[in-house]
Amino acid sequence: MIIAIPLAWPALVLLACTPPVREAEPPGPAIAAAPVEVVAPAAVPVVVAAVVPVSGRVPALLAAAHGDGLVVSNKDGLVLLDAGLKVLKVLSRERGRYLRISGDQLYYFELKQPRLRALDLETGVTRAVAELPRLRNECFEGGRPVDPIDYVHSQADLAVVDGTLCLDLSDRPGAAATETFNLRVDLHRGAVEQRMVAYLGGDVCGVEREREQPRLCAPSGPPRAGVRPSPTGRWALRMDSARGDVTDEAYALVLLQERASGRDHMIIGRKLRVLRAGADAPVDACKISARASATWLAGSDVLLVEGCRDRLSVVLPDGQIEYRLVDGYVAVPAAGASPR
């Protein structure tokens with residue numbers, strides 16, 4: 001189904017399913033194939049910022065971080081922190097989910113409604129961008145209307161690129177998903193397009209995925225495998241699937257290798273602990289799914305880990321671990337980085 005709707009106003013994480021079989025013929029009656037219709041928003045006018053940020057210019061409200069910090073949403077609102085997690089300023093008293101920074105705009109969804117809003121990082125003014133339709137599908141809570149943002153399962157399922165917000169909604173995380181909707185939001189006009197891109201041909205959810213349709217857009221996807229060095233090069237981040245777990249979804253052990261000594265360290269409790277060569281990982285070591293995010297800050301050896309203990313885990317340069325209950329978070333772009 002392809003739906004176009006007007007604007008209204010605005011760290012995670014499983015049932016195995018048969019791998020998708022792609023069919024060349026058009027999908028059956030479960031989803032009607034039709035051109036995507038875009039309806040310009042009418043209920044609430046969208047105010048488009050008239051000022052386009054100069055490439056590499058740091059927005060005024062982020063200047064205090066010096067290109068090395070993060071923005072979190074918590075009980076105080078949208079808060080700018082430095083690399084040591086010290087509060088620099090409260091950007092807004094509003095709170096949000098799935099924060100994204102693009103140019104001089106901070107995008108986020110409201111906590112209890114599928115409304116997309118934007119905070120102007122030059123002026124501090126927030127505005128409505130778009131409202132997503134309530135999701136009605138038998139595989140999503142039996143067909144009752146649900147908040148679609150509740151079914152964005154990881155940071156990898158949502159991205160902002162070139163004036164467009166793209167996201168995937170699935171009934172289950174990762175490879176266990178049997179129904180997937182792909183949405184594209186025009187951030188300038190507020191227009192929303194929606195398409196079911198993977199769905200079942202039968203009446204029972206969770207049996208098999210029979211058909212797939214082309215996406216409207218592609219979210220960022222899970223991080224690429226391999227070693228990711230920290231900004232200073234002191235640490236190397238990697239995911240060890242051999243020491244992970246496989247339940248309904250595969251989980252990998254988060255390892256930080258100290259480059260000078262070659263020793264691997266795990267996230268356990270409040271500090272990094274050395275993992276002996278050949279030893280198994282303790283049950284309480286941090287393990288995350290392949291779609292979960294583990295991201296270095298732009299300038300410091302500070303690691304943000306999503307999905308460890310179902311909250312944001314922050315590994316500081318001295319090896320201490322901070323756990324933060326947040327609605328959402330995003331790393332501040334490096335100073336001088338070109339806006340997207």
Side-chain angles (χ1 to χ4, degrees), residues 3-13 41 43-44 46-49 70-80 90-121 124-136 140-141 145-161 163-171 173 180-194 216-217 219-220 291-293 304 306-307 310-312 324-331 340:
I3 303 175
I5 68 167
L7 167 69
W9 181 81
L12 242 96
V13 301
V44 178
V46 175
V47 181
V48 179
L70 67 157
V71 178
V72 301
S73 171
N74 58 28
K75 61 182 179 59
D76 296 319
L78 298 170
V79 183
L80 178 65
V90 175
L91 306 180
S92 171
R93 292 297 178 183
E94 296 184 17
R95 298 170 65 175
R97 302 172 283 175
Y98 292 102
L99 280 57
R100 294 292 184 274
I101 295 174
S102 180
D104 62 359
Q105 302 293 302
L106 171 63
Y107 295 97
Y108 56 94
F109 284 94
E110 293 182 13
L111 289 187
K112 297 183 179 180
Q113 298 291 337
R115 294 171 183 151
L116 178 64
R117 293 184 61 77
L119 167 65
D120 189 308
L121 294 170
V125 175
T126 60
R127 61 182 174 90
V129 178
E131 181 169 358
L132 305 187
R134 292 282 174 171
L135 194 59
R136 298 172 182 268
F140 296 78
E141 300 188 32
V146 296
D147 183 342
I149 303 304
D150 289 343
Y151 291 90
V152 178
H153 292 288
S154 78
Q155 299 283 345
D157 293 330
L158 188 151
V160 172
V161 180
T164 298
L165 183 143
C166 180
L167 68 158
D168 277 351
L169 314 172
S170 301
D171 58 338
T180 299
F181 286 85
N182 180 233
L183 281 77
R184 179 170 63 191
V185 182
D186 186 313
L187 298 176
H188 300 292
R189 297 184 296 132
V192 179
E193 302 165 82
Q194 174 178 300
L216 296 165
C217 58
S220 56
R291 300 192 63 81
S293 172
L304 309 177
E306 167 196 26
D310 293 331
R311 49 188 167 179
L312 176 61
R324 295 297 175 101
L325 294 174
V326 299
D327 312 311
Y329 69 93
V330 64
R340 302 186 71 178

| said: Is there a side chain to side chain donor-acceptor pair (under 3.5 Å) between T164 and R184? Walk through the geometry before answering. | reply: CA-CA 7 Å; T164 298; R184 179 170 63 191; 5.9 Å; no

| How many angstroms lie between OH in Y151 and CG in L135, if you round to the nearest 0.5 Å? | 8.0 Å

| How far does CG of L187 sit from OG of S102, to the nearest 0.5 angstrom? | 7.5 Å

| Check: G163 main-chain N/O paired with H188 side-chain donor or acceptor under 3.5 Å | no

| request: Supply the atom-to-atom distance D168 CG to S154 OG, rounded to the nearest 0.5 angstrom. | output: 9.5 Å

| said: Test your reading of the model: is there a side-chain donor-acceptor pair from Y98 to the backbone of V152, 3.5 Å cut-off? | reply: yes

| message | With a 4.5 Å cut-off on side-chain heavy atoms, are L216 and C166 touching? | response | no

| Non-hydrogen side-chain atoms of L132 and L167 separated by less than 4.5 Å | yes

| query | Is R127 reaching over with its side chain to a backbone N or O of R117, donor-acceptor style, under 3.5 angstrom? | reply | no

| query | How far does CG of D120 sit from CG of L91, to the nearest 0.5 angstrom? | reply | 11.5 Å

| task | I would like to know whether F109 and L158 meet side-chain contact (heavy atoms from CB on, under 4.5 Å); could you show each step before the answer? | result | CA-CA 11 Å; F109 284 94; L158 188 151; 3.8 Å; yes

| query | For the residue pair S73 and G96, what are the closest heavy atoms and their distance? | reply | OG-N, 2.9 Å

| Of all heavy-atom pairs between P219 and A156, which one has the smallest distance, and what is that distance? | CB-O, 3.6 Å

| task | Starting at OG1 of T180, measure out to CG of D171 and round the result to the nearest 0.5 Å. | result | 6.5 Å

| task | Using side chain to side chain donor-acceptor pair (under 3.5 Å) as the criterion, list what pairs up with R134, not counting sequence neighbours. | result | Q113

| message | Using side-chain contact (heavy atoms from CB on, under 4.5 Å), reason through D76 and R93 one step at a time and then give a plain yes or no. | response | CA-CA 6 Å; D76 296 319; R93 292 297 178 183; 4.3 Å; yes

| What are the two closest heavy atoms between G190 and A130, and how far apart are they? | O-CB, 3.5 Å

| request: With side-chain contact (heavy atoms from CB on, under 4.5 Å) as the test, would you mind laying out the steps for R324 and Y329 before giving the verdict? | output: CA-CA 10 Å; R324 295 297 175 101; Y329 69 93; over 6 Å; no

| message | Under the criterion side-chain contact (heavy atoms from CB on, under 4.5 Å), I'd like the reasoning laid out for C217 against L165: C-alpha separation, chi angles, the key distance, then a yes or no. | response | CA-CA 9 Å; C217 58; L165 183 143; over 6 Å; no

| field | S92 to T126 - nearest heavy-atom pair and separation | value | OG-CG2, 4.1 Å

| For L70, the option from V330, V326, L304, L99 that meets side-chain contact (heavy atoms from CB on, under 4.5 Å) | L304

| said: So which atom in A118 and which in Q105 form the shortest heavy-atom distance, rounded to 0.1 Å? | reply: CB-OE1, 3.7 Å

| task | Report the residues that fulfil salt bridge (charged side-chain N to carboxylate O under 4.0 Å, His left out) with D150, sequence neighbours left out, ordered by chain and then residue number. | result | R97

| query | Roughly how far, to the nearest 0.5 Å, is the CG atom of L121 from the CG atom of D104? | reply | 6.5 Å

| message | Please check: side-chain N/O of D186 versus main-chain N/O of A191, any donor-acceptor pairing under 3.5 Å? | response | no

| salt bridge (charged side-chain N to carboxylate O under 4.0 Å, His left out) with R95: which residues, sequence neighbours excluded? | D327

| said: I'd like to know if the side chain of N74 and the backbone of L325 have a donor-acceptor N/O pair within less than 3.5 Å. | reply: no

| Under 3.5 Å: donor-acceptor pair, side chain of E306, backbone of Q155 | yes

